[in-house]
Each structure stands twice: as structure tokens, then as C-alpha cells.
Amino acid sequence: TKALSTKRLQSSTQLKMGKKKGSGKKRASKAKLTEEEKAALALSEEVAAKEAAMQQAEFAMKFLREKLEQEEKYTRLSTKKLNTQWRAILRRAKAEELKKDIKILSQTFERVVDRKDSVLKSLVCELEEATLQENRMVQTHVAQVDQLVDMHESVMDKLHGEFGESLQTTQSEFLIERRAILERHERDLANVKDMLFAMNMQHEDFTTHTNSDYDSQRDEVLTKNIEEREQLKQELEQVITDLWEVFQQALTNYKQTTAQKQAEFEKLRSDDIKSAATIERQTRKLNRLADKVAAMKAQIAHTQRDVDERNRKLKQEKETVLMNFQTLKKRMNRNRTKNRERLLELTVDSGSCMGLLAERKKRAEAVLQLCTRCRNLETEEEKVLPFYTETVTLDEIAQIKSEVGGPVEEGGDAPAAMAADAVDEGGPMVSTIDGRAITEFHMLDNFWKRFNKAQLDKVAVERDQADLEDENFRLRSLLKQYLDGITVSEAVLAQDNTLLIVNGRTNGPMSHVPVGDRRVGGAGGTGITAQNLALNAQHTQARAAAR
């Protein structure tokens, strides 16, 4: 690049020196030139200077362009080197970071695997237990679902029968009404077609009659016009001959009196002939036009009368057709409203039926969910034998009826009376899935069995809770007495305490303690009494745990 720049500078200096030399010579020769030659020489010098400036600018631009390309090449090479070195540094840093991450991830993975193994072991155990419970629950659920499906099928068969009957009646009514409407429509359509055919025939007859009248009138008018034209032509020719004679006589007189204006008269005569011909043509044209106007007026009047008559008849027919259309439209609208009301009633009934079925389905799903929850809370014995066997015999039921035959007194056995009333009245009879006939009261026997068992369990648990609370209160009081006996505090000294004996006396009441009791024998009885209390407390706790 330096060599190129030096060469370009040398060439530019040589050009400048050559210009300077040439300018010196030109200055010497300018004094000998005329003004035109001087102007041409100045113009050529300006052109040469501009060309030299353009060449110099081109050289400078080429030099700068080459320098820019070389700088861009060096820049690309240096950026590639920097990128390769920076990528190597980033690879090393990323490799170290990935190694650390892999170590951390391997440790966490091992911990997660151990935790998952333990969870899987526990889940396998729970799964085995759950499969056993599921098998039991599936058996009971299948039996219950079969019962529900059979009940649902019986109800749906009944509903389908009722719906099919109502649908058949509705379809039969709809078909009858549709058939009647179609027959009425066909009759009306046939009447309308007959009316249209009659109108077309009348119109054709009228058009043929009108065309024949028009042709006859046109022939008459043409013949009349031809006759009048011939008569008018003869009259005009007679007038023209008379006038021609008068003119000839006047002409002779005129020629005799005025011979000077003969040439002018000839000219006016030729003009008169031309004007007469023009007038004759215009009169003929006017006559033809007048005849046409009269004929058209007569035709228009005749056509107007025919059109008015036809319009009047068409209006009458239109009014009759509109009246028939309005009656048919009203009848069709009434039928549409009836069908819409029936469809609306059917839609409302079907919507209510679907809502009722959805509500029953929701209720059944809630019952099934409650059954599954109760099944999870059942014991093994309840899962195997969910319903206890009845122990009440028919003799006992008859005895209950005889015992509660009269009105139940206040405070009497109300459940027994309700059972006797249920047995006596029975209620409406229904059939089960297996075909047995039972009362509606006995349909909930299994439910009442489970409900009564749950109520009994609840009462038993409440009684056990009350017993445990009483025993806990008693043990707390004994423990408090024991602690008050073995500790000495201001609250203990302020209260009555039979275990505190000072100088063979105590501040507690001793009326309930027998004379021969060891507790009145001195302070040595205190430790024995506390030991006995502790033993009693342990025995009571052991009994509570055994329960």
C-alpha cells in the first residue's frame, strides 16, 4: 500500500509540474493571441483543470477504497482469531461448570433415587392392601350397581313406554293435520292454475280481436287518405291552372306596361315555382302527420278503454287472490303457532325430564360417594358381613302388635308402635329385582340396619368416652391428692390435708377414717399411703389401656 501511495503521489506531482510548465508557455504566448483565441484557450484550460481534478479524485477514491478493503480483511481475520480464543476459554469454563453440575446432580439423583425407593416400597405395601380392599369393594359395588342398573332399567322402560305412546299420538296428529293441509294446498293450487289458464285464454282472444280491429281501421284510414289526397291534388291543379291563366294575362299586361322589370319578374317566377313546390311538399307532409295523429289518437283512446277494462278485471281477480292468500296465510300461521306451542311444550317437558334425571343422577352419585366414604371407614368384619341377620321372628312381631294394639301412651315404646303400625298397614306393594313382592317400608331394611348399627356404635362410643372421662377425672383427683401429700407449699398448708401430721395430729377431717387405720398411727403411714395411691393409679391406667 505504501508503494502504491508513493507512485500515486509521484504521478500527481508530475502532472502538476507539467501543468506549471505548460502554463508558463501559454502565458508567454497569450500576449500574441486575440480575444477569441484567449477565450478558447481559457475554456480549454478550465476543461483540462476539471479533468485533472476528476482524475485526482478518482485516484484518491481508489486509494481509499483499497485501503478500506484491506482494513476490513484485517478486521475479519482478527475477529476470527478473537472468536476462536474466546470460544476455547468459554469451553473450558463451561466444561468446569458442567462437571460441577454433574456432581451435584448425581448426588441429588442418588438421594432422590433412595427416597423414591423407600416411597415405592411403602407404596407397594399400600398397593397390596388397597388391592385387597378394592377387590372387596368391587364385589360389593358391582352387586349394588347391578341392583341400581336393574332399577334404572325398569324405570327407563316405563318412561320409554310413556314417551313412545305420547310420541305416537303426536306423530299421528301431526300426520293427519299435514295431510289435510297438503290436500287443501293442492286444491287451492289447482284453482289458481285454472284461473291463470282462463285469464290467458281471455287475453289471447282479446289480443286477436284487437289486432283484427286495428288492421281493418288501418286499411280504411289508408284508403280514405288516398282518396282525399287525389281529390286535393285535383283541386290544387284546378286552382293552379286558374291562377296560371290569371298570371299569364297579368304577365302580358305587365310586359306591355313594364318591359324593364321582365328579367326581375322571371327571377321572382322561378322563386315562386320553387316556393310552390316547397309549400306543396310541406302541405302533404302536414296532411300525413295530421292523419297519423288522428289515427294514433283514436287508437290510443280505444286502447285506453281496453286497458282500463282489463285493469279493472285484473284488480278484481287480484283482490280475490289476495283474500284467498290472506285466509291461507292466517290458517298456516295458526297451524304454525299450534305446532310451535306443541313443540315448546314437548321441549319444556323433555327439559324438565332431563333436569329431573340429572338431579336423580346427581343424588345417586352423591349416595355412591357417601357409600365409598363409608366403605373406607368400615372394619374388616363389616366389609365381609355388611348386614346383620334379623333375629326378630314372626311370633315376636305378632306379640309386639298385640302389646301396642291400643293407642300408645305418653312415655311408651314409640319405635315398637311405629314398627307395629308399619307391619299392620304394610303400605303399597312393590316388586324387587328378584321378583319378590314387598312393601315400601321394607325396601329400606338394609339401610335401617346400617343406620341402627351406626347409631348403636355412636352411643357405645359416647358411653365409653363418658366412662373414660369420669375415670380420668378420678385419676386426676387421686394424683392431685398424692402430689399435695408429697409436696409442701403454702396452698397445701392452707388446705385440709390428712397426710400432713405434726406431733401426732392432722388438720384434715378424720371422721371417715377408722380408728384401726394405719394412717392414724403416726407420720410413718404417709409413705405407705402414697405408695398405695400410686399403685392404684397404675392399675386404673392399665385397665383403661386394656379397654
Side-chain angles (χ1 to χ4, degrees), residues 123 126-127 129-171 339-390 415 418-419 421-422 425-459 461-462:
L123 288 174
E126 292 179 358
L127 184 61
E129 295 177 357
T131 51
L132 294 174
Q133 292 181 2
E134 185 183 3
N135 292 327
R136 297 193 194 97
M137 290 173 65
V138 164
Q139 292 175 1
T140 56
H141 177 69
V142 167
Q144 292 175 0
V145 167
D146 291 335
Q147 293 177 1
L148 287 173
V149 167
D150 294 332
M151 292 172 65
H152 178 70
E153 286 179 354
S154 62
V155 173
M156 288 303 293
D157 291 335
K158 185 178 178 181
L159 291 174
H160 276 301
E162 294 176 356
F163 179 74
E165 291 175 358
S166 62
L167 183 62
Q168 288 177 359
T169 54
T170 306
Q171 286 179 353
N339 292 328
R340 194 179 295 112
E341 289 175 357
R342 289 181 181 176
L343 181 61
L344 182 61
E345 290 177 358
L346 183 61
T347 305
V348 171
D349 293 337
S350 62
S352 61
C353 181
M354 289 175 68
L356 183 60
L357 290 174
E359 185 179 357
R360 289 186 179 178
K361 180 183 176 183
K362 191 184 293 182
R363 193 179 300 170
E365 289 176 353
V367 170
L368 291 174
Q369 289 178 2
L370 290 173
C371 290
T372 54
R373 291 180 186 175
C374 294
R375 190 69 177 170
N376 293 326
L377 298 174
E378 287 177 354
T379 60
E380 294 295 332
E381 183 180 359
E382 290 177 346
K383 289 178 181 178
V384 176
L385 295 173
F387 307 110
Y388 61 87
T389 57
E390 294 182 357
M418 290 173 64
D421 292 337
E425 294 177 1
M429 301 296 290
V430 294
S431 60
T432 60
I433 299 169
D434 53 1
R436 292 187 296 108
I438 59 172
T439 60
E440 287 186 354
F441 179 78
H442 291 88
M443 290 179 68
L444 298 174
D445 285 343
N446 293 329
F447 171 74
W448 289 119
K449 286 179 182 179
R450 299 296 295 273
F451 182 75
N452 293 332
K453 192 173 184 301
Q455 290 292 329
L456 289 172
D457 292 338
K458 181 181 177 183
V459 171
V461 170
E462 288 177 353

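Everything numeric here is computed off the predicted structure, so don't read it as measured data. Quick note: residue numbers are just sequence positions, from 1. Side chains are part of it too, since the values below use all heavy atoms of this structure and drop only hydrogens, waters and symmetry mates.
- Here E462 contributes atom CD and Q455 contributes atom CD; the two are 9.0 Å apart, rounded to the nearest 0.5 Å.
- Atom CG of L456 and atom NZ of K458 lie 12.0 Å apart (nearest 0.5 Å).
- Side chains of L346 and R342 form no contact here, defined as non-hydrogen atoms less than 4.5 Å apart.
- For the atom pair CG (L159) and CG (D157), the distance works out to 9.0 Å, reported to the nearest 0.5 Å.
- L357 places none of its side-chain heavy atoms less than 4.5 Å from the side chain of K361.
- Between the NE2 atom of H141 and the OG1 atom of T372 there is a distance of 9.0 Å, given to the nearest 0.5 Å.
- Note that CZ of R136 is 9.5 Å distant from OG1 of T131, once rounded to the nearest 0.5 Å.
- Atom CG of residue N376 and atom CE of residue M137 lie 5.0 Å apart, to the nearest 0.5 angstrom.
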